[in-house]
Amino acid sequence: MNINITDIFFDLDHTLWDFEKNSALAFEDVFKMQEIEIDMANFLRFYVPINREYWERYRKDEITQKELRFGRLKDTFDLMEFVIDDLVIDSLSEKYLYYLPKFNHLFEGTIEILDYLKPKYNLHIITNGFAQIQENKLNNSYITHYFKTITNSEMAGVKKPNHLIFDYALDLAKTKKETSIMIGDCIEADVLGALDAGLDAIFFNENNAPVSENIKQVNHLLELKKYL
């Protein structure tokens with residue numbers, strides 16, 4: 001337990017907000033609306049790793065938002081050998097982004113750990129996600145009120161792991177890196193990004209990925225109690 005910590009910064013997707021579950025539900029609805037008959041399990045088997053790859057490229061500024069939104073679906077359908085028009089893919093992408101934040105599944109323990117932490121610390125969000133969509137996710141999940149500030153990459157002009165987004169978040173929160181800690185699911189963006197920016201960090205390692213012994217980690221959100 002670090003008694004010097006005053007401010008906790010959380011990532012949102014894959015850390016508090018259950019992206020994979022909510023994403024699958026959004027796609028199910030959108031495909032039904034568009035009357036597209038597709039094997040969802042097979043679609044997700046291709047889409048999930050492709051989406052992660054596209055987000056990594058987006059985080060590195062190798063592609064634009066538009067390229068991310070279209071490309072991840074185009075590549076998935078191509079690998080499935082599913083014939084679909086590019087205009088339909090554009091429509092699917094827009095509808096998916098509209099319906100995605102309407103689902104509000106959180107990781108097990110989210111509300112309990114936020115209730116535990118809020119009386120003791122100032123809580124914040126730092127996310128690379130699109131601003132309006134992330135705001136809608138927080139609101140529809142009824143967790144906005146837990147957070148004093150919300151920083152997204154559009155506001156900061158850079159994405160995690162760039163130290164400038166952490167500097168921006170610290171300034172917005174009116175706090176110092178020496179008394180702050182970042183919690184997130186991505187080693188590169190959340191953990192190493194925060195550490196390089198001078199904050200402490202905890203890796204939310206839900207899938208028990210191998211990680212260096214010097215990295216603080218939890219496999220369940222309630223395990224944060226042993227650090228905070």
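For the numbers below, each heavy atom of this structure counts, side chains included, while hydrogens, waters and symmetry mates do not.
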Are Ile63 and Leu68 close enough, and set up right, to give a side-chain contact (heavy atoms from CB on, under 4.5 Å), and what steps lead you there? CA-CA 7 Å; Ile63 57 173; Leu68 183 156; 4.0 Å; yes
Can you measure from [atom1] ([X]) to [atom2] ([Y]) and round to the nearest 0.5 angstrom?
X	Y	atom1	atom2	result
Asn122	Ile5	CG	CD1	11.5 Å
Ser23	Leu44	OG	CG	7.0 Å
Asp171	Lys176	CG	NZ	13.5 Å
Glu20	His105	CD	NE2	13.5 Å
Asn205	Ile215	CG	CD1	10.5 Å
Ile89	Glu94	CD1	CD	12.5 Å

Linked, directly or transitively: [X] and [Y] (ILVMFWY side chains, under 4.5 Å):
X	Y	value
Ile150	Tyr142	no
Leu195	Leu228	no
Ile111	Leu123	yes
Leu100	Leu73	yes
Ile181	Phe166	no

Is there a side-chain contact (heavy atoms from CB on, under 4.5 Å) between Leu106 and Asp18? Walk through the geometry before answering. CA-CA 5 Å; Leu106 301 169; Asp18 193 337; 6.0 Å; no
Beyond-backbone contact of [X] with [Y], side-chain heavy atoms, under 4.5 angstrom:
X	Y	value
Leu92	Ile84	yes
Ile183	Ile8	yes
Phe43	Phe82	no
Leu16	Phe147	yes
Asp200	Lys216	yes
Leu25	Tyr99	no
Ile133	Asn136	no
Ile165	Ile126	yes

Assess, by modelled atom type and distance only, whether the side chains of [X] and [Y] contain a donor and an acceptor separated by less than 3.5 Å.
X	Y	answer
Asn104	Ser141	no
Tyr58	Thr64	no
Asn208	Asn219	yes
Asp75	Tyr47	no

Looking only at the aromatic ring of each residue, does the gap between the centers of Phe27 and Phe31 stay below 6.0 angstrom?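 Yes, the ring centres sit under 6.0 Å apart.
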Phe107 ring center near Phe204 ring center (under 6.0 Å):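 Yes, ring centres under 6.0 Å apart.
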Evaluation steps, side-chain contact (heavy atoms from CB on, under 4.5 Å), between Glu154 and Gln65: CA-CA 11 Å; Glu154 292 177 40; Gln65 280 190 21; 3.4 Å; yes
Over 12 non-hydrogen atoms of neighbours within 6.0 angstrom of CD in Glu108: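 Count not over threshold, so no.
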Are more than 12 heavy atoms from other residues, nucleotides or ligands located less than 6.0 Å from atom NZ of Lys118? yes
Might you point out which heavy atoms bring [X] and [Y] nearest each other, and give the distance in Å?
X	Y	answer
Ile125	Thr127	CG2-CG2, 4.0 Å
Ala173	Phe9	CB-CZ, 3.9 Å
Arg59	Ala189	CD-CB, 3.5 Å
Gly109	His220	CA-CE1, 4.2 Å
Arg72	Ile50	O-CG2, 3.6 Å
Ser153	Lys159	CB-CG, 3.7 Å

Take Arg52 and Glu56 through the test salt bridge (Lys or Arg N to Asp or Glu O under 4.0 Å) and record every step on the way to the result. CA-CA 6 Å; Arg52 287 178 182 154; Glu56 183 174 349; over 6 Å; no
Just to verify, which of Asp196, Asp185, Asp11 counts as forming a salt bridge (charged side-chain N to carboxylate O under 4.0 Å, His left out) with Lys160? Asp11
Is a side-chain N or O of Asp85 found less than 3.5 angstrom from the main chain of Leu87, in a donor-acceptor match? yes
Can Asp7 and Ser180 be said to form a side-chain hydrogen bond (donor to acceptor under 3.5 Å, both in side chains), step by step? CA-CA 5 Å; Asp7 291 75; Ser180 300; 4.8 Å; no
Is the closest basic N to carboxylate O distance between Lys225 and Glu112 below 4.0 Å?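 Result for this pair is yes, salt bridge flagged.
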State plainly whether the residues Lys95 and Asp29 are in salt-bridge range, i.e. N to O under 4.0 Å. no
Over-ring placement of [X] relative to [Y], 6.0 Å and 45° cut-offs:
X	Y	result
Lys66	Phe70	no
Lys21	Phe103	no
Arg69	Phe130	yes

Option from Leu117, Ile113, Leu138, Asp115 for which side chain to side chain contact (heavy atoms under 4.5 Å, CB included) with Tyr146 holds: Asp115
Output, in order, the C-alpha distance, side-chain angles, deciding distance and verdict of side-chain contact (heavy atoms from CB on, under 4.5 Å) for Leu12 and Lys137. CA-CA 9 Å; Leu12 182 58; Lys137 289 176 183 176; 4.3 Å; yes
Who passes ring pair (Phe, Tyr, Trp, His ring centres under 6.0 Å) against Phe19, sequence neighbours left out?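 Once residues adjacent in sequence are excluded, the partners of Phe19 under the ring pair (Phe, Tyr, Trp, His ring centres under 6.0 Å) criterion are His14.
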Does Leu172 have any side-chain contact (heavy atoms from CB on, under 4.5 Å) partners at least two apart in sequence or in another chain, and if so, which?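 Leu172 satisfies side-chain contact (heavy atoms from CB on, under 4.5 Å) with Thr149, Thr151, Met155, Tyr168 only.
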